[in-house]
Structure formats: structure tokens, C-alpha cells
There are 2 protein chains.
Amino acid sequence: MSKWNDAVPNRETQHELKREALYREAAKGFNRRGFRGTSLADLAEGLGITKAALYHYVPNKDELLFRCVYNSTIASLEAVEVAKKEETTGLNRIHRVIRDYFCAVLMANPPCVTVYDEGTLDAKNAKIIYDRRKQLSLSMREFIRQGVEDGSVIDCDPKLATNIILGSMNWAPKWFRHDGELSSEEVANGIADMLTRGIAAVPST
Amino acid sequence: MSKWNDAVPNRETQHELKREALYREAAKGFNRRGFRGTSLADLAEGLGITKAALYHYVPNKDELLFRCVYNSTIASLEAVEVAKKEETTGLNRIHRVIRDYFCAVLMANPPCVTVYDEGTLDAKNAKIIYDRRKQLSLSMREFIRQGVEDGSVIDCDPKLATNIILGSMNWAPKWFRHDGELSSEEVANGIADMLTRGIAAVPST
DNA sequence: TAGACATTTGACCGCTCGTTCAATAACTTA
DNA sequence: TAAGTTATTGAACGAGCGGTCAAATGTCTA
């Protein structure tokens, strides 16, 4: 059965590895040039195969975008759950969410896409993403409200503050480069520090 | 010559009014659904005319995007010039730029587009926009450095801070609605307050 | 080696979109 | 009213894209 001491992955595993490579390539393209600006021929060329071969690993182009966007919502909602479990101030919870979500998106494992144009996902999938993003937004607002109550957050409009924070986060994949001066952890911490400081009742120096 | 006491604009003016309406419609579409997600047929339908008629007011689709993006760089660089002339702290200058730029973009007069995918502008126009955005970015970093020196800004990475601020600003047209609870001035002030607070040496309460 | 199965390919289809153009309509002026 | 100019239209084009399919190639097992 097992040859080469399992040094070479079996067929099934190879199939999975190829699919993952495809999703990585897709996320890279979608983040950089947008969904409509990235053709399947582009992806195929980047992977050194032909367009038609892609369809053995994914049903259609829409699914590529949906999964990548969905992955980002998984990261964000997991960050929210972790923050909820912590016994700490509302401000620290916000900080936690920003940092964890960011790390996940920038590490791109699994591949994440945060920016996509309205109308690129079909109604059913758009609804799923919308609901999950709404959930994130509402949780963040709730953390801010908690922070205002426990005195860690300055009195502010939770909705506006959340929009500012999420905007800054969603935009990051546009300028972040893995070969840049700062690592993804440094950037994630820097952003979390600055954004929470913007709503903190007391400056954390 | 002049009939109706000039109550009705002449042909030339009408032509200009129509062109402006076209640019407004284009900016609205590009901001909401993206450049590639907005067809000329969409714009024509929104204006109640046919696709072919558009070409009497604009040479091609690319020009529509370019002008809208260029308009946003005009607003931002004008804000920078105003801030430079003020005798004040680096922090206040940052605040000023954020607020003024924001107001201009949200008021959409002239129509502005801040978000567009890589590869949608041809090389020549992309270079023009890139250079002007770089200029904005460098000016903001300089203001931050000034702020650190004059003690109004906390010690931070100017490049990272600028990216966070610009990200948050570029994203705003995606969630801002003119029929929402807050006016564009309120939003602009709120964002400027929160973002500058994030790098302020002393909280402004 | 033969057969079964997975993978990849090139050619092709249908559709959308930006753009062009000749023809028509609307308006202005003489 | 006639002529000239501007505005608008419907039809058509060529290119690019997502997706399909039968055929060819490669890979594993009996």
C-alpha cells in the first residue's frame, strides 16, 4: 500500500493541496485586482495550468469568492467569541477582536478576502455574508457600549466607531505587503493599539 | 439673442449640466458596485437615455473613472495645502485634512471615487493618481512627524498611522448613506476626532 | 499488460460589455 | 420655412469572459 514511506502524499491529499493552492491564488487576485478584474485564465496561468482544469477543484468562480469571504467572517466571529469569554473591559475586547481578526486575514491561512463589490455574490450567498458581517458589527457595537459603561471607552457613537474600525481593517489587505518592513503581527498590534486608543477613556501611553 | 430672460440655460450650458449629471451617476455607480460592476448601459438607464448617447459627453468609460478619482485627489491635496498654511500643531493639521477631505468626498461635489481596483486605469492615468496619492500620504506622514516633535502626537510609526487613517477614509463611501442618521459634516468630524485621538499625546476628552 | 480512474487539454458556446456608425430627430438661426 | 448644427438612437462589431465537453494523457491497481 504505502510506498516511499508516505513521503509522497496520496492522490486524495494531492487533490486537496491543489485546491488549497487554487484558493490562495484566487484570494491573492481578488484582493489585488478585485473579483471581476481577476479572470479564471489569470488564476490558471498563475498556477501553470489551463482554465478548464480548475473545474475539477471548484464548481465555479463565485464559489471561490464566497469561500474566501466566508473564511474572513469565520476569523472575525471567532475573534468575537474569544473576546466575549475574556473577563475584561469593553475596550480590551475591542482590541482583542481587531488584533485577532487582523492577524488571521493578513496571515491568509485559510485565504481571506474582505473587499468585494456589491452584486458579485448571488443573492443567497450575499445574504449569508451580510448576516455574518452584521453579527460582527453588532458585537463590536455591544463591546463599545460595555466599554462606555465600565468606563474604559469614551462616550461615542458605537455605530460610527465600528464603521471606522471595520473600514480600516477591511482596507488593510490593499496596502499590506508580506515583504514589507513590518510583520503581520506588528501591523495587527499597531492597528489595534491606534484604533482602540481612538476611543479609549484614558490614553494607554 | 437672450430669450425668456435667460431663465433657460443655453445649449452650451445644458451640455455641461448633462455631463455633470453623467459624472454624478458614474461616481454613484462606481462607489457602490465598482468600476467593472457598473456598465455604461446601467448609467444610461439611470439617466433615462441610451448607451450611445453617453459618447457625446465623454470619450470613454475610463475617463469617467479617472476624473472621479482625480477629483478626490484634488480635494485631498487642497486639504493638505490649507492645513500647511495654518499655524498650529501637527495633530490639528491631521485633523483638518481628515475632516476637509472627508467632507468633500461625502458631499460628492464634484463627484469623487476613492476605491477602484488595480488595473482599471491605464498605465498613464494610474501613474498620475499614484503620484498624487503618494503626495497625500507623504504630507500626512510629515504632519505626524511634526506632531511628534511639537508634542501633540504620540510616538508612533507615521507610515502605519497614515495607512490606517487613509484606509478608514477611503472606505467611508461604502457605508455612508446621505439618508442616514448623521450628516456628512457630523460623520467627517466624528471620524477626524476618533482617528486623531488615536495618535494624540493628550486625550481631547 | 490491461483496465479503471483521475487529470488535463484545446476547442467551442453563449453572453455581456465597450465602442462605433449611419440614420433620424430635435433644436437654432437666418 | 429651409438650412445647418446638435442630440439621440438602434443596430452591429469585436473582444473577453465563464463555463462545457469530448478527447487525450497520465496514474494507479489487478
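Chain identifiers are assigned alphabetically (A, B, ...) following the order of the sequence lines, protein sequences preceding nucleic acid strands; residue numbering begins at 1 within each chain.
The nearest whole Å value for the distance from the CD atom in B/Glu12 to the C1' atom in C/dC27 is 16 Å. Atom CG of B/Leu64 is separated from atom C1' of C/dG18 by 12 Å (rounded to the nearest Å). The separation between B/Leu65 atom CG and C/dG18 atom C1' is 14 Å, rounded to whole Å. The interatomic distance linking A/His56 (NE2) with D/dT25 (P) rounds to 16 Å, in whole Å. The separation between B/Asp42 atom CG and C/dG18 atom C1' is 13 Å, rounded to whole Å. Between the CG atom of B/Leu22 and the C1' atom of D/dA7 there is a distance of 14 Å, given to the nearest Å. Straight-line distance from the CG atom of B/Leu40 to the C1' atom of C/dT20: 13 Å, rounded to whole Å. Rounded to whole angstrom, the span from the CG atom of B/Leu54 across to the C1' atom of C/dT20 amounts to 14 Å.
Taking the side chain of B/Ala52 as heavy atoms from C-beta on, and the options D/dT20, D/dA7, C/dC21, the nearest nucleotide is C/dC21. Closest contact between the side chain of B/Thr50 and the listed nucleotides D/dT20, C/dT8, D/dT9 involves D/dT9. Set against C/dT20, D/dG19, C/dG10, the side chain of B/Tyr55 has C/dT20 as its closest nucleotide. For B/Lys61, the listed nucleotide lying nearest its side chain is C/dG18; candidates were D/dT9, C/dT9, C/dG18.
Both tests pass for B/Arg132 against the ring of B/Tyr70: distance under 6.0 Å to the centre and angle within 45° of the axis. The cationic group of B/Lys61 lies under 6.0 Å from the six-membered ring centre of B/Phe35 and within 45° of the ring axis, placing it in a cation-pi geometry.
OP1 or OP2 of D/dA12 has not a single side-chain nitrogen or oxygen of B/Lys51 nearer than 4.0 Å. The phosphate of D/dT6 (OP1 or OP2) has no side-chain N or O of B/Tyr57 nearer than 4.0 angstrom. Between B/His15 and D/dT6 there is no side-chain polar atom (N or O) within less than 4.0 angstrom of OP1 or OP2.
Taking for each of A/Arg36 and B/Gly48 the nucleotide of DNA chain D with the nearest heavy atom, the 5'-most of the two is the partner of B/Gly48.
Nearest heavy atom pair, residue A/Ser168 against residue A/Phe102, reads O-CZ, 4.3 Å.
B/Asp42 and B/Ser39 are linked by a side-chain donor-acceptor pair at a separation below 3.5 angstrom, with hydrogens and angles left out of the test.
Atom NE2 of B/His95 and atom CG of B/Asn92 lie 8.0 Å apart (nearest 0.5 Å).
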